[in-house]
Amino acid sequence: MAIKVLSDEEMRVQKGFIEKMRSFATGKMYHIFTMGCQLNENESEKLAGMASEMGYSFTDQPETADLVIFNTCCIRENAEDKILGQLGYFKALKRTKTDMVLALCGCMAQEPHMVEKFHKTHGQHLDLIFGTHNLYRFPELLYEAVTTQKKQEDIWEMDGTLAEDIPIKRDSSLKASVTIMYGCNNFCSYCIVPYVRGRERSREPEKILEEIRGLAKDGYKEITLLGQNVNSYGKDLANPMSFAELLKEICKVDGIFRIRFMSPHPKDFSDELIDVIATEEKVTKCIHLPLQSGSTNVLKSMNRKYTKEQYLALVDKMRVKIPNVTFTTDIIVGFPGETEEDFLDTMDVVRRVRYDSAFTFVYSRRVGTVADKMENQIEEEVKKERIGRLIELVNSILEEQNEKFVGTIQKVLVEGRSKTNPEMLTGRIESGKVINFSGGDDLIGKVIDLKITEQRKWYLTGVLA
Ligand code: 5AD
Ligand code: SF4
């Protein structure tokens with residue numbers, strides 16, 4: 001399918017609505033609830049950018065906000081309960097604060113059964129519902145909602161569009177996320193993402209580089225490249241370009257200290273990409289390599305397109321080619337049909353790879369996915385018991401991995417004061433692990449050498465080297 005990059009004219013129309021909103025928004029406040037992944041966080045930064053240009057200012061007290069946006073995620077079921085609870089709370093608030101505008105967007109808005117549920121339970125209180133493919137139209141929809149007092153709903157099934165140059169208000173002034181592609185073509189059998197985010201659409205490399213050069217000019221030091229499957233970047237471009245080639249170009253941007261990316265898919269991890277990671281100093285040597293399951297049988301039924309052995313061989317190859325490489329991962333337990341033996345295969349891979357950290361999930365049935373229709377669903381009790389064992393193993397390895405850093409010297413971007421202990425400065429080492437240390441405010445924003453002194457499970461401590 002041809003990708004339609006939205007024209008400057010279409011984006012200008014939205015800028016016009018931003019202007020028109022000023023008379024309504026100036027002096028008012030907004031709050032955004034963001035659920036889910038970094039991609040959603042990045043999109044919330046765009047919503048915040050548009051709201052700010054309209055004249056809204058941010059409040060961290062949602063009850064006092066004039067505009068409340070719920071940017072939703074539907075990857076697992078617990079998010080549904082959470083959002084319905086939150087909407088119920090704001091519905092009650094709106095009874096007294098009648099001019100409060102409630103907007104809902106993100107992945108759940110692309111699920112017809114969820115939209116129906118919202119209508120049934122909160123229909124008259126939600127002023128605005130829009131989906132993932134038309135986020136750029138937020139100014140126009142909000143303007144219509146505010147001026148007509150009529151509920152606006154705009155959800156597109158079509159996913160062939162790409163919007164550039166949406167205003168953005170970033171959460172940090174040192175670290176920035178840059179979405180390089182949207183959508184996913186993989187259809188892992190448990191995953192709802194391809195249904196709510198559509199097919200893969202890569203941004204033009206010039207647009208990505210332009211954004212990153214701008215960030216470097218503004219003093220940003222660390223960039224995280226985002227996409228559902230970053231290493232299939234560029235296949236759909238008129239002039240195809242690989243993710244490895246894109247990374248090389250990004251490394252040439254002066255001023256950027258570190259480049260992270262997530263998430264790659266093991267099946268698309270080319271030798272070319274491994275070489276770029278190995279040779280380019282700025283590219284992180286901490287690779288997020290989603291495993292999902294260690295059992296070849298389960299992987300097959302998940303439609304992951306690699307075996308346990310292929311995954312382990314990839315890890316070994318990277319260990320040989322990339323000095324000091326570390327790994328993090330995503331794992332699902334309790335996928336339909338997972339036997340104790342399959343689960344032990346997952347534990348086996350965890351023991352062998354020795355992840356620095358792992359996001360562990362209990363399998364959650366998603367309406368519309370292939371796995372939801374599988375008959376051999378696992379009982380909740382079994383899932384719970386397995387995730388308990390897995391977390392215990394992951395945590396025991398985590399401390400051992402931490403221990404390896406003690407005594408070493410690591411380069412760290414100083415991000416600011418620690419939220420939990422303002423006496424200390426905080427940053428992250430290469431592998432993404434938090435490190436706290438004492439020092440003056442003049443160090444904030446600088447890249448410094450730290451000697452690691454101690455590991456405290458969830459963070460490390462260090463001193464200036
Ligand atoms: N149930 C549990 N975990 C899931 N993930 C994706 N879909 C599901 C599901 N239905 C996990 C995967 C993915 C991460 C972002 O979320 O591990 O990598
Ligand atoms: Fe979901 Fe698989 Fe695509 Fe990741 S690669 S978004 S898990 S379908």
Side-chain angles (χ1 to χ4, degrees), residues 34-42 72-81 106-108 110-111 113-114 132 159 177 179-202 224-233 235-236 243 261-269 287-295 298-306 311 327-338 343 346 349-350 355 357-374 377-378 380 382-384 386-387 390-391 394:
T34 308
M35 310 169 84
C37 66
Q38 289 189 45
L39 247 134
N40 256 18
E41 281 170 21
N42 189 231
T72 62
C73 164
C74 58
I75 205 139
R76 282 171 292 273
E77 191 180 357
N78 49 7
E80 284 171 16
D81 304 334
C107 294
M108 272 183 198
Q110 295 294 146
E111 290 188 300
H113 76 279
M114 279 312 289
T132 57
D159 62 3
S177 301
T179 301
I180 61 166
M181 62 186 300
Y182 298 87
C184 181
N185 291 356
N186 289 322
F187 289 93
C188 299
S189 63
Y190 50 82
C191 188
I192 193 73
V193 166
Y195 303 91
V196 294
R197 289 274 173 182
R199 295 299 68 72
E200 289 172 2
R201 281 107 63 210
S202 303
T224 302
L225 305 173
L226 299 178
Q228 303 296 348
N229 184 9
V230 286
N231 48 359
S232 71
Y233 169 82
K235 289 183 186 150
D236 57 319
F243 178 57
F261 56 89
M262 74 188 303
S263 288
H265 193 303
K267 78 173 166 58
D268 296 316
F269 224 108
I287 314 296
H288 186 70
L289 196 64
L291 169 68
Q292 312 302 2
S293 168
S295 150
V298 173
L299 286 167
K300 189 157 197 298
S301 126
M302 284 179 163
N303 193 29
R304 290 290 291 175
K305 302 201 171 78
Y306 53 85
Y311 183 95
F327 297 97
T328 61
T329 199
D330 292 346
I331 300 172
I332 298 175
V333 302
F335 183 81
E338 183 189 70
F343 174 67
T346 298
V349 175
V350 172
Y355 297 103
S357 70
F359 297 100
T360 53
F361 307 107
V362 166
Y363 166 71
S364 171
R365 292 177 81 157
R366 304 288 68 209
V367 174
T369 60
V370 172
D372 185 43
K373 295 178 197 88
M374 292 179 181
Q377 302 286 329
I378 305 289
E380 290 306 314
V382 177
K383 288 186 193 169
K384 247 197 221 154
R386 284 183 189 160
I387 194 115
L390 178 62
I391 291 173
V394 164

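This chain uses plain numbering: 1 for the first residue, then up along the sequence. As the structure lists them, so they are numbered: ligands from 1, and atoms in each ligand from 1.
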Non-hydrogen side-chain atoms of Y306 and Q292 separated by less than 4.5 Å: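 Sidechains of Q292 and Y306: in contact.
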Run down the list R76, R366, Q292, H265 and name the one with the heavy atom closest to atom 17 (O) of ligand 1.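 Comparing heavy atoms across R76, R366, Q292, H265, the nearest one to atom 17 (O) of ligand 1 lies in Q292.
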Under 4.0 Å, heavy atoms only, figure out whether ligand 1 is touched by the backbone of [X], its side chain, both or neither.
X: I332; result: side chain
X: T369; result: neither
X: P290; result: neither

Atoms in ligand 2 flagged as close to Y190, the criterion being non-hydrogen separation under 4.0 Å: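 That gives atoms 7 (S) of ligand 2.
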Does R386 come within less than 4.0 Å of E338, counting only side-chain N to carboxylate O?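 Yes, charged N to carboxylate O under 4.0 Å.
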Would R366 and D372 pass as an ion pair if we require N to O under 4.0 Å?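 No, R366 and D372 are not salt-bridged.
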Is the closest heavy-atom distance from R197 to ligand 2 below 4.0 Å?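 Distance cut 4.0 Å: R197 fails for ligand 2.
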To which protein heavy atom is [atom] closest, and what is the distance rounded to 0.1 Å?
atom: atom 2 (Fe) of ligand 2; result: C188 SG, 2.3 Å
atom: atom 5 (S) of ligand 2; result: N186 ND2, 3.3 Å
atom: atom 4 (Fe) of ligand 2; result: Q228 O, 4.1 Å

Please determine whether C184 has a backbone or side-chain N, O or S atom lying under 2.8 Å from atom 2 (Fe) of ligand 2.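 Given the 2.8 Å cut-off, C184 does not count as a ligand of atom 2 (Fe) of ligand 2.
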With respect to atom 1 (Fe) of ligand 2, please indicate if C191 possesses an N, O or S atom at a distance under 2.8 Å.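 It does: C191 brings an N, O or S atom closer than 2.8 Å to atom 1 (Fe) of ligand 2.
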Ligand 1 contact by V193, heavy-atom criterion under 4.0 angstrom: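 V193 does not count as a contact of ligand 1 under the 4.0 Å cut-off.
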